[in-house]
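First the structure, in the form of structure tokens, and then the observations on it.
Both backbone and side-chain heavy atoms feed into the values below; hydrogens, waters and symmetry mates do not. Note on naming: letters A, B, ... go to the chains in the order of the sequence lines (proteins, then strands), and numbering restarts at 1 for each one.
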Amino acid sequence: MRIATYNINGVKARLPRLLEWLEETQPDIACLQEVKSQDEGFPVEEFERAGYGAIWHGQKSFNGVAILAKGTQPVEAQRTLPGDPEDEHARYLEADVFGMRVATIYLPNGNPLPGPKFDYKLAWMKRLYDRAAVLLAAEIPAVLAGDYNVIPHTHDIWAPAAMLDDALRQPESIAAYRALLAQGWTDALATHYPQGGIWTYWDFQAGAWQRDHGFRIDHLLLSPVVADRLASCGVDKEYRGREKASDHAPTWVELTD
DNA sequence: ATGACTGCCTCTGGCAGA
């Protein structure tokens, strides 16, 4: 059972690349972020032709998340992150699929800081903490997969001094991420590659990809029973180097059945 | 270095991203 998360940065612009990745790597579940499409523009027919059922939560111009599942239809469990009825950003979607609860997460970037965008990020992380606690308390086998916009550790970025003023590396952001792990979630890639040096994102600018100036912000958090099934995990780094690539690379876990 | 790219929806330039 392979579960992947992929910030695709525009489902229309990346559709050929996305279908190619599905065909070549055959994930059982794919959590997508930055779909950047309204609900009615989501290319569900193309995914169905590729053998994937899909649910999505779209928004015009930016944000937008989706869950694809091979040969089955994910069953929606939650369309928004609870805790703020005023929040209209399409950043969260939960579904039951293959006996697990799977969430696709597009956590707010939080820049610039200080300011309302950083406050929104931290408030969103508190809401995610509360939601994650509910799932753990219910002992639901769960995976929280997505673009967390948090660089958890110094060894999760190409240079220790890079991005220190950025919302992705603020102590408050990192503390909120660690609080989530302290509940009992397993950061799959951190567990498997404790020495770090694994990147999931490379900026479009300044030749970041060519210089391998990346960092790790796409994470798969596993509930305890799912963590016990973790066989391997990794990043499909090669896709970042293809034509018309997203600035993120697909990140995945392989679970025993 | 107020830099760099890229997608989106178009007020084809401004916003958002990280």
Check your understanding: Got a sec, which residues hit side chain to side chain donor-acceptor pair (under 3.5 Å) with A/Lys12, two or more places apart in sequence or on another chain?
Key -> none

Study note, to complete from the structure: Rounded to whole Å, OH of A/Tyr120 lies from P of B/dA16 at a distance of 13 Å

**Study point:** Close residues, residues 146-162 of chain A, relative to DNA chain B [heavy-atom separation under 4.0 Å]
**Key:** A/Asp147, A/Asn149

Exercise for review: Run through the side-chain heavy atoms of Ile, Leu, Val, Met, Phe, Trp and Tyr, join any pair under 4.5 Å, and report what else lands in A/Val143's cluster.
Suggested key: A/Met1, A/Ile3, A/Ile29, A/Ile55, A/Val65, A/Ile67, A/Leu93, A/Val97, A/Phe98, A/Met100, A/Val102, A/Tyr106, A/Leu189, A/Tyr193, A/Ile198, A/Leu220, A/Leu222, A/Val225, A/Val226, A/Leu230, A/Val235, A/Val253, A/Leu255

Point to revise | Partners passing salt bridge (Lys or Arg N to Asp or Glu O under 4.0 Å) against A/Asp228 (at least two apart in sequence or in another chain) | key: none

Review point. In chain order, what residues pass the side chain to side chain donor-acceptor pair (under 3.5 Å) check against A/Lys121, with sequence neighbours excluded?
Key: none

Practice item. Whole angstrom is fine here: how far is it from CD in A/Gln59 over to P in B/dA16? Key: 11 Å

Practice item. Return the set of residues passing side chain to side chain donor-acceptor pair (under 3.5 Å) with A/Asp39 (not counting sequence neighbours), or none when no residue passes. Key: A/Arg79

Study note, to complete from the structure: For A/Thr200, the side chain to side chain donor-acceptor pair (under 3.5 Å) test, sequence neighbours excluded, returns A/Asp218

Using atom names, set out every protein N or O paired with an N or O of nucleotides 1-8 of chain B below 3.5 Å, distance rounded to 0.1 Å.
from  : atom 1 : to       : atom 2 : distance (Å)
B/dA4 : N7     : A/Gln205 : OE1    : 3.4
B/dC5 : O4'    : A/Phe204 : O      : 3.4
B/dG7 : OP1    : A/Arg14  : NH1    : 3.3
B/dG7 : OP1    : A/Lys244 : NZ     : 2.8

Check your understanding: Under a single-linkage rule joining Ile, Leu, Val, Met, Phe, Trp and Tyr whose side-chain heavy atoms are separated by less than 4.5 Å, which residues share a cluster with A/Phe118?
Key -> A/Leu113, A/Leu122

Point to revise | N/O (side chain, A/His248) to phosphate O (OP1/OP2, B/dG17) under 4.0 Å | key: no

Review point. Looking at A/Gly58 and A/Ala90, what are the two nearest heavy atoms and their distance?
Key: O-CB, 3.6 Å

**Study point:** DNA chain B base-pair string [pairs: Watson-Crick or G-U under 3.5 Å; |: paired with another strand]
**Key:** ....(((((...))))).

Check your understanding: With sequence neighbours left out, which residue pairs that include part of residues 14-24 of chain A fulfil the side-chain hydrogen bond (donor to acceptor under 3.5 Å, both in side chains) condition?
Key -> A/Arg17-A/Glu20, A/Glu20-A/Arg242, A/Trp21-A/Thr25, A/Trp21-A/Asp236, A/Glu24-A/Tyr239, A/Glu24-A/Arg242

Point to revise | Atom pair distance, as rounded to whole Å: CG in A/Leu164 and P in B/dA18 | key: 19 Å

Review point. Quick one: A/Trp202 CH2 to B/dG17 C1', roughly how many Å, whole number?
Key: 17 Å

Point to revise | Pairs meeting criterion salt bridge (Lys or Arg N to Asp or Glu O under 4.0 Å) with involvement of residues 164-192 of chain A, two or more places apart | key: A/Asp187-A/Arg216

Exercise for review: For A/Asp247 and B/dG17, give me the distance from atom CG to atom P, rounded to whole Å.
Suggested key: 12 Å

